[in-house]
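Here the structure is laid out as structure tokens; the discussion comes afterwards.
Below, each value reflects all heavy atoms present in this structure, side chains not excepted, and no hydrogens, waters or symmetry copies.
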2 protein chains.
Amino acid sequence: MSQVRTAGRPLDDELRERVLDAADRLYYERGIQAVGMDELRTAAGVPMKRLYALFGAKDAIVAEVLRRRSAQWETGVRAAVDAATSPRERLLAVYDHLAAWFGQTDFHGCIFINSFGELGGCSPEVAAIVRAHKAAFQDYVAGLVADAGGPPALAAQLAILAEGAQTTAAIAGTPEAAVQARAAAATLVDAAGLPG
Amino acid sequence: MSQVRTAGRPLDDELRERVLDAADRLYYERGIQAVGMDELRTAAGVPMKRLYALFGAKDAIVAEVLRRRSAQWETGVRAAVDAATSPRERLLAVYDHLAAWFGQTDFHGCIFINSFGELGGCSPEVAAIVRAHKAAFQDYVAGLVADAGGPPALAAQLAILAEGAQTTAAIAGTPEAAVQARAAAATLVDAAGLPG
DNA sequence: CATCGCGGAGAACGCCCGTTCTCCACCGTC
DNA sequence: GACGGTGGAGAACGGGCGTTCTCCGCGATG
């Protein structure tokens, strides 16, 4: 059952990582349907037979890519938030994290929004993963707002600002939506009259 | 040059409308790549030869659908805004318009955001149309804000809220993002201290 | 009425996709 | 060294796509 490393043959886990890394990059850059299994095979340097032995079907690779991105997003946001000190700054740290992300040269928008637009109408599995990811983010923001002593309605507003910033930055191809959203969030937070 | 109606054969303009209506509905419901030319031909009740004589290629149909939607969106938003009286209400009317739209049973999100996610990475033409559409909306909001005597920064914030509401409502499958965005917009507008 | 030409209906074509299968080189074992 | 089996590389397959082509019926014209 347990795997033993052989000289020339990488372990299944390493190979899965390599495939998912390549799939993530290609799907994110050009879209899921635009990247075929042959291109993925070539990019990952994995034999086709191995690819299907590891994942079974393209759908499974897509789902795994999305789940990985969701975990990475959560990790990144948490790190940015936890680096902030006051509850107010923790709320606004979300938008600073967005600003850093939008500024990256390979920024192509939110892969969940993109995937939902591409496959949400035809793939219930993709739709469910995207919905769960966004719901988790909203819950996280709700927790931050609650910690700050803000009203629940503020959480939904802050989440909408974050979504709008991602959409706007992706389509415009410029990162300024993050600072605009941050300013709006600061106004909303202040208007909510947080304690402390 | 000018067309003359013949008994059994519809005019080109009528046929174009029929094709674009069918394409709009199918592309919006299930995505562009998921709908083939054969299905569109069947749905529109138009012979394949006529379809290609009218449009030349699928790309042209896609572009035309998006341009039509852009004009329809502009018309709808303007109507909602012009029905409002005060400058403040005119700004918030945008979100009331969103609320009515999100509540429709066939709401599947913003076709521009969806199309950008699906084809933005591979089709410069689609990307350009989507970018132009969103830029036009931002300009329109900027005009409303200017008319209300608000600062330019407010316009970008209000546009981001509208984008975020569309994304959130589409993915969640529920319309409440519109009223949440409206509340946030009202807070931002009030915080901007508009005159009058 | 014979003929011409145009338009309707859908088959045909070439290509690409996701998935499976074939072939062969290479390894451990007797 | 002979051999069985496993994994690498990529061709093969069935299906669906966008686009083009063929065939046929019909109405206009002499």
*Can you tell me the distance, in whole Å, between the CZ atom of Arg50(B) and the P atom of dT19(D)?*
19 Å

*Do you know which two heavy atoms are closest between Gln157(A) and Leu161(B), and how far apart they sit?*
O-CD2, 4.5 Å

*Can you tell me how far C1' of dT19(C) sits from CD1 of Ile61(A), to the nearest Å?*
12 Å

*Just by modelled atom types, is the Ala44(B) backbone N or O under 3.5 Å from a matching donor or acceptor in the Arg18(B) side chain?*
yes

*Whole-Å distance between dT19(D) P and Arg41(B) CZ?*
14 Å

*asked:* Whether Arg67(A) and Glu74(A) form a salt bridge (side-chain N of Lys/Arg under 4.0 Å from carboxylate O of Asp/Glu) is what I want to check.
replied: no

_Euclidean distance, atom CZ of residue Phe55(A) to atom C1' of dT20(C) [Å, nearest integer]_ = 18 Å

*Any sub-3.5 Å donor-acceptor pair from Tyr95(B)'s side-chain atoms to Gln180(B)'s backbone N or O?*
no

Distances under 3.5 Å between protein N/O atoms and the N/O atoms of nucleotides 14-18 of chain D, please, pair by pair.
from	atom 1	to	atom 2	distance (Å)
dG18(D)	OP1	Lys58(B)	NZ	2.4
dG18(D)	OP2	Met37(B)	N	2.6

*asked:* Run Cys110(B) and Phe116(B) through side chain to side chain contact (heavy atoms under 4.5 Å, CB included) and show every step you take.
replied: CA-CA 10 Å; Cys110(B) 169; Phe116(B) 191 84; over 6 Å; no

*May I have the step-by-step check of side chain to side chain contact (heavy atoms under 4.5 Å, CB included) for Leu40(B) and Tyr27(B), ending in yes or no?*
CA-CA 9 Å; Leu40(B) 176 58; Tyr27(B) 292 165; 4.0 Å; yes

*Send over the distance from Leu51(A) CG to dC17(C) P, rounded to a whole Å.*
15 Å

